[in-house]
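What you see is a predicted model; the values in this text were computed from it and never measured. All heavy atoms count here, side chains included; hydrogens, waters and symmetry mates do not.
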Amino acid sequence: GENVEQHPSTLSVQEGDSAVIKCTYSDSASNYFPWYKQELGKGPQLIIDIRSNVGEKKDQRIAVTLNKTAKHFSLHITETQPEDSAVYFCAATTDNYGQNFVFGPGTRLSVLP
Amino acid sequence: GAVVSQHPSWVICKSGTSVKIECRSLDFQATTMFWYRQFPKQSLMLMATSNEGSKATYEQGVEKDKFLINHASLTLSTLTVTSAHPEDSSFYICSARLPGGGGEQYFGPGTRLTVT
C-alpha cells in the first residue's frame with residue numbers, strides 16, 4: 001500500500017523567511033496530494049492541493065510542487081508569519097473519490113517573531 | 001463553503017458508559033464521511049469510512065462493535081464509542097468528502113474524549 005514520508009518533523013524559521021516541507025510517496029498511482037494545516041486542539045484545514053496532471057500550484061504565499069518521476073511533493077510558504085505556526089500534514093491518495101488518504105507524520109512549523 | 005461541524009467539542013465520561021459524537025456537513029451534502037483518531041503529537045489514523053445509507057467500512061484493527069457508525073442522512077454521521085475505557089481517550093476527527101469526484105476532504109474541528 002501507499003506510504004508517505006514527511007520531512008522535516010520540526011522546522012523553525014524567522015518571521016519573513018520561507019519554509020519548505022517535503023513529502024515522498026511510494027505508490028506511483030497516487031494522483032491527489034492535499035496539504036493540511038492543524039492548529040493546536042483543532043481539526044486539520046485544507047490549505048492547498050495538487051493533482052497528478054499539474055506540476056505546480058500557487059495560492060498567495062503558499063505553493064505546492066509535484067515531481068511525479070521522483071514521487072515527491074513539497075509545500076512552500078513564503079514571507080512566513082507567526083500565525084503560520086502549526087502542524088502541517090501532507091497526504092496522498094490513488095482514489096479520485098477522496099478515500100484512502102494516507103497522511104504523512106506531520107511537520108511542526110514554528111515561526112519566530 | 002465546505003464547512004464541517006462536530007459536536008460535542010469535548011466530552012468527559014466515566015468508564016463503561018457510551019458516548020455519541022456527531023459530524024455534520026453544513027453547506028454541502030456528503031455521501032461519504034470519514035472518522036479519524038489522533039493521539040497527541042501523532043498523525044491522523046483512519047478508523048472507518050461512513051457511506052450514507054449503508055454500513056461503514058472499518059480499517060483493520062478497529063472494532064466495529066465498539067465504534068458504532070451511523071450515516072443516516074447526507075449531512076450527518078455519528079460515531080458512538082460504546083463501553084468506553086480510558087484507552088479510548090483521544091481526539092476524534094471527522095471529515096466529509098466534497099461531492100463531484102474531486103476527492104477533497106474537509107475536516108471537522110474534532111472532539112476531545114476523556115474517559116475517567
Quiz prompt | Part of A:Pro44 lying under 4.5 Å from any heavy atom of chain B | solution = both
Self-check item: side chain to side chain contact (heavy atoms under 4.5 Å, CB included) between B:Phe34 and A:Phe101, intermediate numbers included
Solution: CA-CA 10 Å; B:Phe34 306 89; A:Phe101 271 30; over 6 Å; no
Quiz item: Contact part of B:Glu59 toward chain A, heavy-atom cut-off under 4.5 Å: side chain, backbone, both or neither?
Solution: neither
Quiz item: Relative to chain A, which segment of B:Leu46 carries a heavy atom at a distance below 4.5 Å: side chain, backbone, both, or neither?
Solution: neither
Self-check item: Shortest non-hydrogen contact between A:Asp49 and B:Glu104, atoms and distance
Solution: OD2-CG, 3.7 Å
Self-check item: 4.5 Å side-chain heavy-atom contact, A:Lys42 and B:Phe107
Solution: no
Quiz item: Side chain, backbone, both or neither: which part of A:Gln38 has a heavy atom under 4.5 Å from chain B?
Solution: side chain
Quiz prompt | Closest approach of B:Ser43 to A:Pro105 (non-hydrogen atoms, all atoms of both residues) | solution = CB-CA, 3.9 Å
Self-check item: Neighbour count >12 (heavy atoms, 6.0 Å) for atom NE2, B:His7
Solution: no
Quiz item: Got more than 12 heavy atoms from elsewhere within 6.0 Å of CD, A:Gln81?
Solution: yes
Practice problem: Quick one: pull up CZ in A:Phe89 and CD in B:Gln38 and give me the separation to the nearest 0.5 Å. | Solution: 5.0 Å
Quiz item: Would a hydrophobic clustering, with Ile, Leu, Val, Met, Phe, Trp and Tyr connected at side-chain separations under 4.5 Å, put B:Met47 with B:Ile21?
Solution: yes
Quiz item: Quick one: do A:Val4 and A:Ile48 end up in the same hydrophobic cluster if we chain Ile, Leu, Val, Met, Phe, Trp and Tyr together by side-chain heavy atoms under 4.5 Å apart?
Solution: yes
Quiz item: Would the number of heavy atoms belonging to other residues, nucleotides or ligands and lying under 6.0 Å from NZ of B:Lys55 be above 12?
Solution: no
Quiz item: Is it true that A:Ile62 and A:Tyr36 fall in one hydrophobic cluster, defined by side-chain heavy atoms closer than 4.5 Å?
Solution: no
Self-check item: A:Gln60 atom CD, neighbour heavy-atom count above 12 within 6.0 Å
Solution: no
